[in-house]
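Everything numeric in this text was worked out from a predicted model, so none of it was measured. Numbers for residues simply follow the sequence, beginning at 1.
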Amino acid sequence: MIFEGWAARLDAVPGTISVYAGALDAPPAWTRHPEATHYAASTMKLAVLAALHRVAENGGPDLDTPIEVTDRFTSAAPDAAGFSCAREYDNDSLVWERLGRRVSPRWLAERMIVRSSNLATNLLIQQVGLAAVAEVWACVGARHSVTGRGIEDFAAREAGISNLVTAADLAALLDAIATGATRAGTLASPAGCAAMLEVLCAQQIRQDIAEGLPAGTRLAHKNGWVRGVRHGAAVVFPDDAAPYLLVVCTTTPLGEHQRSTEADIEARRLIADISAGVWQARHDLTATDPR
């Protein structure tokens with residue numbers, strides 16, 4: 001059991017730590033609470049990316065037909081007023097600089113992933129619809145993950161509508177993208193999956209899983225974080241071993257005197273440490289570990 005030594009360390013961390021690690025298109029080598037639900041944070045953007053490609057391939061709006069950049073969106077809560085994003089909470093200024101102008105969904109998808117733009121995400125959800133995102137989760141066999149609302153849709157949040165993920169479901173989605181880039185699958189065409197993989201490999205926020213890997217290691221990655229939540233989901237492409245999946249989801253309560261930034265740094269370090277441990281075991285990830 002190549003990951004046996006991690007049990008005691010993760011048991012000592014307050015909250016819920018979920019892990020899924022294993023080869024592509026194969027049973028996992030290591031899981032820990034893989035079906036536990038976590039608030040999705042920005043990992044939900046993976047499903048939005050896939051929905052955009054699926055809709056375009058099935059006769060919907062083209063990826064290169066420009067749409068207007070606006071900051072007013074329809075709430076997922078029935079009869080609620082429209083909502084907007086907060087510019088100061090976004091990681092990407094480039095989308096905001098284009099308010100009132102027209103840009104392509106393809107460009108918005110890139111900004112949604114490489115800089116985790118919230119505004120780009122809501123624009124794309126508005127473009128494809130939440131039902132299309134739900135179809136993505138269903139297509140990959142997700143059991144518990146749901147994308148119920150846009151980012152900062154507080155009326156929907158108050159109505160109990162949320163965005164949830166599990167480590168197993170995120171792994172299934174990434175697996176479908178990675179394997180779908182080389183052979184026909186059900187998620188999208190090989191060209192569509194290859195395009196998604198290329199965007200994920202262009203990720204500029206190289207934290208969490210990326211920080212546990214040797215410099216220059218290729219990975220298709222999306223992370224996400226809000227207060228008390230930190231996740232990383234990736235396909236890692238070593239030069240000397242087969243590609244593998246790693247998803248780590250952390251939901252930890254903040255101590256009475258602990259600041260959110262301190263908890264976030266600890267969670268980020270933990271994910272990096274898990275990533276380093278899985279990297280060391282990269283040649284053995286095809287052996288199923290029943291733990």
>> Tell me which one of Leu246, Asp169, Leu24, Val235 satisfies side chain to side chain contact (heavy atoms under 4.5 Å, CB included) with Leu174.
In response: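 Among Leu246, Asp169, Leu24, Val235, the one that satisfies the side chain to side chain contact (heavy atoms under 4.5 Å, CB included) with Leu174 is Val235.
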
Run the salt-bridge test on [X] and [Y] with the 4.0 Å N-O cut-off and return the result as yes or no.
X	Y	value
Glu211	Arg268	yes
Asp92	Arg111	yes
Asp90	Arg115	no
Asp240	Arg282	yes
Arg32	Asp11	yes

Can any side-chain N or O of [X] pair as donor or acceptor with the backbone N or O of [Y] at less than 3.5 Å?
X	Y	value
Gln203	Ile113	yes
Asn91	Ser117	no
Ser18	His33	yes
Asp175	Asp25	yes
Ser275	Ile271	no
Arg149	Ile161	yes

Just distance, no hydrogens or angles: give the donor-acceptor pairs under 3.5 Å from side chains in residues 122-143, sequence neighbours left out.
residue : atom : partner : partner atom : Å
Asn122  : OD1  : Ile151  : N            : 2.8
Asn122  : ND2  : Ile151  : O            : 3.0
Trp137  : NE1  : Thr147  : OG1          : 3.0

What pairs of donor and acceptor atoms, side-chain ones from residues 43-57 against any protein atom, are under 3.5 angstrom apart with sequence neighbours left out?
residue : atom : partner : partner atom : Å
Thr43   : OG1  : Ala40   : O            : 2.6
Lys45   : NZ   : Ser42   : OG           : 3.0
Lys45   : NZ   : Ser116  : O            : 2.7
Lys45   : NZ   : Ser116  : OG           : 2.9
Lys45   : NZ   : Asn118  : OD1          : 2.9
Arg54   : NH1  : Thr186  : O            : 3.0
Arg54   : NH1  : Leu187  : O            : 2.8
Glu57   : OE1  : Ser189  : N            : 2.9
Glu57   : OE2  : Ser189  : N            : 3.4
Glu57   : OE2  : Ser189  : OG           : 2.6

Is there a side-chain contact between [X] and [Y] in this structure, where contact means two heavy atoms from C-beta onward sitting under 4.5 Å apart?
X	Y	result
Ser162	Arg157	no
Leu270	Arg9	yes
Trp107	Val95	yes
Cys249	Leu170	yes
Thr217	Phe237	no
Trp30	Ile274	yes
Ser75	Asp153	yes
His221	Leu200	no

> How about His38 and Thr251: does a side-chain donor come under 3.5 Å of a side-chain acceptor?
Replying inline: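 Result is yes, a qualifying pair exists.
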
Are [X] and [Y] in one and the same hydrophobic cluster, where Ile, Leu, Val, Met, Phe, Trp and Tyr link if side-chain heavy atoms are under 4.5 Å apart?
X	Y	value
Val229	Phe154	no
Ile67	Val199	yes
Tyr20	Ile17	no
Val248	Phe3	yes
Leu119	Leu108	yes

At their closest point, which heavy atom of [X] faces which heavy atom of [Y], and how far apart are they?
X	Y	result
Ala234	Leu219	CB-CD1, 4.0 Å
Pro34	Thr31	CG-CB, 3.8 Å
Leu197	Ala181	CD2-CB, 4.2 Å

> Under the salt bridge (Lys or Arg N to Asp or Glu O under 4.0 Å) test, which residues partner Arg72, sequence neighbours left out?
Replying inline: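 Arg72 satisfies salt bridge (Lys or Arg N to Asp or Glu O under 4.0 Å) with no other residue.
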
>> The criterion is salt bridge (Lys or Arg N to Asp or Glu O under 4.0 Å); which residues satisfy it with Asp239, sequence neighbours excluded?
In response: none

> For the residue pair Phe83 and Phe73, does the interplanar ring angle fall in the parallel (under 30°), tilted (30 to 60°) or perpendicular (over 60°) class?
Replying inline: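 Phe83 and Phe73: tilted rings.
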
>> Running the 4.5 Å side-chain criterion over Ile, Leu, Val, Met, Phe, Trp and Tyr, what cluster does Ile205 land in, apart from itself?
In response: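 Traced through the cluster, Ile205 reaches Trp225.
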
> Quick one: which of Arg230, Arg269, Arg227 gives a salt bridge (Lys or Arg N to Asp or Glu O under 4.0 Å) with Asp264?
Replying inline: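 Output: one option passes, namely Arg230.
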
> Looking at residues at least two apart in the chain, or sitting in another chain, which of them share a side-chain contact (heavy atoms from CB on, under 4.5 Å) with Asp79?
Replying inline: none

